[in-house]
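Working notes for the structure below.
Side chains are part of it too, since the values below use all heavy atoms of this structure and drop only hydrogens, waters and symmetry mates. Below, read A as the first sequence line, B as the second, and so on, with proteins coming before strands; counting in each chain starts at 1.
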Amino acid sequence: DAKTTQPPSMDCAEGRAANLPCNHSTISGNEYVYWYRQIHSQGPQYIIHGLKNNETNEMASLIITEDRKSSTLILPHATLRDTAVYYCIVSGADNYGQNFVFGPGTRLSVLP
Amino acid sequence: KAGVTQTPRYLIKTRGQQVTLSCSPISGHRSVSWYQQTPGQGLQFLFEYFSETQRNKGNFPGRFSGRQFSNSRSEMNVSTLELGDSALYLCASSLGQTSPYEQYFGPGTRLTVT
């Protein structure tokens, strides 16, 4: 079973920030939080990952709470092309074979 | 760098046949993982190979098998195809040596079993 809980769907207005939450209350100390997205029938696209600190790259920002039990992916200026299913995954170094367990994700709809 | 490539992109087979799918990882990546995606079950892990060795395996029957070559390219094989094997098969590559394991996915092979 997935170690994460995400809302099944969210809407966001084009040009506004999209904030996608993820709960991972059983995360252990060496587990990373990864975010991927999948646009219809394409392969999942890596977005960002983090361990403890907040992270930012050209696509998004990842905010991880101090207790690491939840995180938020932020798309600062959502566009129609950001409409996709977003997956939050927790996986760690002891998961030697790196088998990501995908939950159902959050279906983000960016509205014009 | 070129991304992960998968061949073929689309495939139609009949029940009872067997199929082989191919995955070429990003240059320098030594780990290849395979996933099956269906509308009912979502994305499910099949197996992962690192340096030609299967390092982890998901809960799939023995009809699903794979291998990895010395150049890190990987193949997966499904024997005695069933209708329920119709799915999008995805492979992902990563450096695979230490965490974090950023995986980069290919476009997938769409398999239809009739």
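Both B/Leu81 and B/Leu83 sit in one connected hydrophobic cluster of ILVMFWY residues. Membership requires side-chain heavy atoms under 4.5 Å apart, directly or through other members. A/Met59 and A/Ile74 fall into different hydrophobic clusters, where Ile, Leu, Val, Met, Phe, Trp and Tyr are joined by side-chain heavy atoms under 4.5 Å apart, directly or via other members. Hydrophobic clustering (side-chain heavy atoms under 4.5 Å, transitive across Ile, Leu, Val, Met, Phe, Trp, Tyr) keeps A/Ile63 apart from A/Leu20. B/Tyr10 and B/Val4 are assigned to two separate hydrophobic clusters, defined by single-linkage of ILVMFWY side chains at heavy-atom distances under 4.5 Å.
Two residues are said to be in side-chain contact when any heavy atoms from C-beta on lie closer than 4.5 Å; B/Leu90 and A/Gln38 meet this criterion. Counting heavy atoms from C-beta outward, B/Gln103 and A/Pro44 have side chains that stay 4.5 Å or more apart. No side-chain heavy atom of A/Val101 sits less than 4.5 Å from a side-chain heavy atom of B/Gln44.
If you take OG on A/Ser41 and CD on B/Gln37, they are separated by 7.5 Å, rounding to the nearest 0.5 Å.
B/Phe105 pairs in a ring pair (Phe, Tyr, Trp, His ring centres under 6.0 Å) with only one of the listed residues (A/Phe100, A/Tyr87, A/Tyr36), which is A/Tyr36.
A 6.0 Å sphere centred on CZ of B/Arg63 holds more than 12 heavy atoms belonging to other residues, nucleotides or ligands. Heavy-atom contacts from other residues, nucleotides or ligands closer than 6.0 Å to CZ of A/Arg68 number more than 12.
Only the side chain of B/Leu88 comes within contact range of chain A, with at least one heavy atom under 4.5 Å from a heavy atom of that chain.
The ring of A/Phe102 has its center no closer than 6.0 angstrom to the ring center of B/Phe45.
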